[in-house]
Number of protein chains: 2
Amino acid sequence: MYDVGMVDAEAVLDAVGEPNRRRLLQLLRDQHESTVSQLVDASGLNQPQVSKHLKVLTRVSLVSVRSDGRFRRYRLDGRGLQAAHDWFGSFEDVWQARFDALDQLVSDDPLTDPPEENQQ
Amino acid sequence: MYDVGMVDAEAVLDAVGEPNRRRLLQLLRDQHESTVSQLVDASGLNQPQVSKHLKVLTRVSLVSVRSDGRFRRYRLDGRGLQAAHDWFGSFEDVWQARFDALDQLVSDDPLTDPPEENQQ
DNA sequence: CAGTTGCATTCCTCTTGAGGAATATGTACG
DNA sequence: CGTACATATTCCTCAAGAGGAATGCAACTG
């Protein structure tokens, strides 16, 4: 059995925290499947950089590869993308609250513990 | 009106690409509003590190501050969070296709036989 | 077979940025 | 005012990692 197990959202967000890797993801979103050479041409990066970035993206389940002769065809992997999307989704009430509760005051949470602000 | 526009998703993803900053965001999600000292205690980081990370998070609209006496109360800012969420949302088709495949497995339609799970 | 293409990997350099200590700023309070 | 507390900022060091050049390696082609 291979490891289909849980995708580490932390690792995914670390990987996405790099501009050129985000660019590769966007290119793959448009092309749906690309060889390394195609990504080199489309991105303007050098071939080794593209390969190294793709390696990182593969490790965190953001892209997947399949070998096709001497080519390697890369495509997006939904597991990593969804993990990151879900991570931000856990904050969803934050930006929903700012639409319908513009002027709500502190009176709405009397149970929130008073922080220790008075130590002398 | 609200200044909802002009949040740079690229800058947001750069900022989130750091583990301790993600931890601060999660702490703020649970506490809804925190002083720096509270975040220092909860995170285990040193005070200067917390202040510096909060500065980065503020710059990209992931958190907001309000001054309260000698305290500074930080809370999540929905603009940055939503921008990042939307960035990943633009890839939604990728894992949508993945769900469609999974739906066949859990389908109650007696005509659809669950296929063997194949990957890669 | 030699040569070529597509890609991965290694080695090296150099920048970026995270972390620590010390200090600055700013506010409350006696 | 002087002091204590809360936070921001500065200076420094150091390691992680991104980029470039060169090389390794496997698969095709003539």
Side-chain angles (χ1 to χ4, degrees), chain A residues 8 10-28 31 33-60 62-77 113-120, chain B residues 8 10-28 31 33-77 120:
Chain A
D8 185 3
E10 293 287 315
V12 172
L13 293 174
D14 280 338
V16 178
E18 211 281 328
N20 285 324
R21 280 198 284 267
R22 288 196 296 270
R23 228 142 83 63
L24 291 174
L25 291 177
Q26 289 172 322
L27 290 173
L28 285 170
Q31 307 289 336
E33 194 175 56
S34 299
T35 67
V36 175
S37 301
Q38 289 175 320
L39 291 171
V40 168
D41 291 344
S43 68
L45 299 172
N46 299 340
Q47 180 264 313
Q49 313 309 322
V50 173
S51 283
K52 281 185 274 190
H53 283 314
L54 287 172
K55 186 178 183 179
V56 174
L57 293 173
T58 305
R59 281 228 150 82
V60 300
L62 278 167
V63 305
S64 62
V65 215
R66 77 184 167 95
S67 284
D68 178 19
R70 49 180 173 171
F71 301 95
R72 312 210 70 203
R73 311 219 176 252
Y74 285 88
R75 65 170 62 183
L76 293 176
D77 186 338
D113 60 294
E116 64 277 30
E117 303 161 0
N118 33 20
Q119 304 161 337
Q120 275 272 70
Chain B
D8 186 1
E10 294 286 315
V12 171
L13 293 174
D14 280 338
V16 178
E18 211 282 328
N20 285 324
R21 280 198 284 266
R22 289 195 295 271
R23 227 143 81 64
L24 292 175
L25 290 176
Q26 289 172 321
L27 290 172
L28 286 170
Q31 305 290 332
E33 194 176 56
S34 300
T35 67
V36 175
S37 303
Q38 288 175 320
L39 291 171
V40 168
D41 292 345
S43 68
L45 299 172
N46 300 340
Q47 179 264 314
Q49 311 312 320
V50 173
S51 283
K52 280 184 276 190
H53 283 313
L54 287 172
K55 185 178 184 178
V56 174
L57 293 173
T58 305
R59 279 225 157 85
V60 300
S61 303
L62 277 167
V63 304
S64 61
V65 216
R66 76 182 167 97
S67 285
D68 178 18
R70 48 180 174 170
F71 302 94
R72 313 210 69 201
R73 311 219 177 252
Y74 285 87
R75 66 172 62 186
L76 293 176
D77 187 339
Q120 310 264 358

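Just so it is clear: chains get the letters A, B, ... in the order the sequence lines come, proteins before strands, and each one is counted from 1.
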Legend entry - From dG6(C), dT9(D), dA8(D), nucleotide with atom closest to Tyr74(B) side chain: dA8(D)
Inset, instruction - Measure the spacing between CZ of Arg72(B) and CG of Leu54(B) and express it to the nearest 0.5 Å. - result: 9.5 Å
Inset, instruction - State whether the distance check finds a donor on one side and an acceptor on the other, under 3.5 Å, for side chain Lys52(A) versus base dG20(D). - result: yes
Inset, instruction - Let me know, please, whether Gly17(A) or Val65(B) comes out on the 5' side of the other along DNA chain D by nearest nucleotide. - result: Val65(B)
Legend entry - Arg66(A) CZ - dG6(C) P separation (whole Å): 16 Å
Inset, instruction - Rounded off to whole Å, could you give me the CG-to-P distance for the Leu45(A) and dG19(D) pair? - result: 7 Å
Legend entry - Selected nucleotide, minimal atom distance to Val36(B) side chain, candidates dG19(C), dA8(D), dT9(C): dA8(D)
Legend entry - Close side-chain approach of Ser51(A) to Val36(A), heavy-atom, < 4.5 Å: yes
Legend entry - Distance-only donor-acceptor test (3.5 Å): side chain Glu18(A), base dG17(D): no
Legend entry - Length of the CZ-P vector between Arg73(A) and dA8(C), whole Å: 13 Å
Inset, instruction - Ignoring backbone atoms, test whether Arg72(B) places a side-chain nitrogen or oxygen under 4.0 Å from the OP1 or OP2 oxygen of dA8(D). - result: yes
Inset, instruction - Taking only the side-chain nitrogens and oxygens of Lys55(B), find out if one of them lies under 4.0 Å from OP1 or OP2 of dA8(D). - result: no
Inset, instruction - Specify the separation, in whole Å, of atom CG of Leu57(A) and atom C1' of dA18(D). - result: 14 Å
Inset, instruction - Would you mind checking if Arg59(B) and Asp14(B) are paired as a salt bridge, meaning a charged N to carboxylate O distance below 4.0 Å? - result: no
Legend entry - Among dT9(C), dA8(D), dC7(C), the nucleotide that comes nearest once only the side chain of Gln47(B) is considered: dA8(D)
Inset, instruction - Whole angstrom is fine here: how far is it from CG in Asn20(B) over to P in dA16(D)? - result: 15 Å
Legend entry - Toward the 5' end of DNA chain D, by each residue's nearest nucleotide, Pro48(A) or Gln49(B): Gln49(B)
Inset, instruction - Measure from CZ on Phe71(B) to C1' on dA4(D) and round the result to the nearest Å. - result: 12 Å
Inset, instruction - Round to the nearest Å and state the distance from Arg21(A) atom CZ to dG17(D) atom P. - result: 9 Å
Legend entry - Residue-phosphate contact under 4.0 Å: Arg70(B) side-chain N/O, dA4(D) OP1/OP2: no
Inset, instruction - Would you kindly give the CZ-to-C1' distance between Arg59(B) and dA8(D), to the nearest whole Å? - result: 12 Å
Legend entry - His53(A) side chain near dG19(D) phosphate (N/O to OP1/OP2, under 4.0 Å): yes
Inset, instruction - Using a cut-off of strictly less than 4.0 Å, decide whether Asn46(B) has a side-chain nitrogen or oxygen near OP1 or OP2 of dG20(C). - result: yes
Legend entry - Backbone of Leu57(A) reached by a side-chain donor or acceptor of Arg21(A) within 3.5 Å: no
Legend entry - Whether Asn46(A) side chain and Pro48(A) backbone form a donor-acceptor pair below 3.5 Å: no
